[in-house]
Amino acid sequence: MKVDIRCRTCILEWTYGRAICAVNNRQIPELMKDIGLMLAEESNLYANIALLCNRAVEIAYRFVTSESYFWEELKRSANSYVQGLLPRADAYIREGKSAKERFERACFLAAAGNVAPMGVPSIGFTFDEARAIMEEQGPFPVIIGDAYETSRNARTILYLVDNAGEIGFDGLLIRMLKEMGLKVTIAVKKSAFFEDAIIEDAIFL
């Protein structure tokens, strides 16, 4: 994906939405200025977007602690909410008519669970996209290539999880992979950046 001005504004919006919950308001202009300067200097058509996001996170750490009570409470809320959805999610997957369809349904939920609002989170995420998929309403994610055959032909999988809550849906896909005979290694963050999943979140779900 090529980097354009929208990537810069997206990174700024994402960082602001999370920092505003825990940063002294007087620090916000300086935080935004530092991230804006970094993006102006380092973003170009060939820049690595993940690296730019990491750089924004490093700058935000100068101003905000990510492990605030606000984020711990939001993560607990998201984990508990998804835990309540898992029986229906599991049934949705098992209703697939073939092994491939069941695998793809698990992929749908894992992908949809990753969708979160860009703005300032105020309550636990409700995972509307995943719930719509379980109710057969879509929209359904598009799987590029034959992920099922690729996975069947593998022996090991390294699975990188993202945020609390959504890792419950990841767990259903991971179970499918293990049922296919694969060895799955799950990687979580050592410490959280805002709503990131850490080992305690993985154990809970």
Inset, instruction - I would like to know whether Arg152 and Glu179 meet salt bridge (Lys or Arg N to Asp or Glu O under 4.0 Å); could you show each step before the answer? - result: CA-CA 10 Å; Arg152 278 211 329 162; Glu179 288 177 359; over 6 Å; no

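How far CZ of Phe140 is from CG of Leu109: 9.5 Å, rounded to the nearest 0.5 Å. The CD1 atom of Ile59 sits 11.0 Å away from the CD atom of Glu30 when rounded to the nearest 0.5 Å. Taking CZ of Phe108 as the start and CD1 of Ile133 as the end, the distance is 7.0 Å to the nearest 0.5 Å. Here Ser191 contributes atom OG and Ile199 contributes atom CD1; the two are 13.0 Å apart, rounded to the nearest 0.5 Å.
Under the rule for a ring pair (Phe, Tyr, Trp, His ring centres under 6.0 Å), Phe204 has no partner lying at least two apart in sequence or in another chain. Applying the side-chain contact (heavy atoms from CB on, under 4.5 Å) test to Arg8 and every residue at least two apart in sequence or in another chain returns Ile5, Leu39, Ser43. For Gln137, the side-chain contact (heavy atoms from CB on, under 4.5 Å) partners at least two apart in sequence or on another chain are Ala132, Glu135.
For the pair Thr9 (side chain) and Arg6 (backbone), a donor-acceptor distance under 3.5 Å is present. A donor-acceptor pair under 3.5 Å is absent between the side-chain atoms of Arg105 and the main chain of Arg94, judged by distance alone. The main-chain N or O of Gly165 is found under 3.5 Å from a side-chain atom of Asn79 such that the two form a donor-acceptor pair. Ser80 contributes a side-chain N or O that, together with a main-chain N or O of Arg76, makes up a donor-acceptor pair within less than 3.5 Å. Between the Asn48 side chain and the Leu51 main chain, a donor and an acceptor come within less than 3.5 Å of each other. Side-chain atoms of Arg102 come within 3.5 Å of backbone atoms of Gly96 as a donor-acceptor pair (strictly under, hydrogens ignored).
The other members of the hydrophobic cluster of Leu160, by chain and number, are Leu158 (side-chain heavy atoms under 4.5 Å, ILVMFWY only). Apart from Ile144 itself, the hydrophobic cluster it occupies contains Val142, where clustering links Ile, Leu, Val, Met, Phe, Trp and Tyr at side-chain heavy-atom distances under 4.5 Å.
Between Asp90 and Arg175 there is a salt bridge, with a side-chain nitrogen of the basic residue lying less than 4.0 Å from a carboxylate oxygen of the acidic one. Between Glu166 and Lys75, no side-chain nitrogen of the basic residue sits less than 4.0 Å from a carboxylate oxygen of the acidic one, so the salt-bridge criterion is not met.
Residue pairs meeting the salt bridge (charged side-chain N to carboxylate O under 4.0 Å, His left out) criterion with at least one member in residues 41-63, sequence neighbours excluded, are Asp34-Arg62, Glu42-Arg55, Arg55-Glu58.
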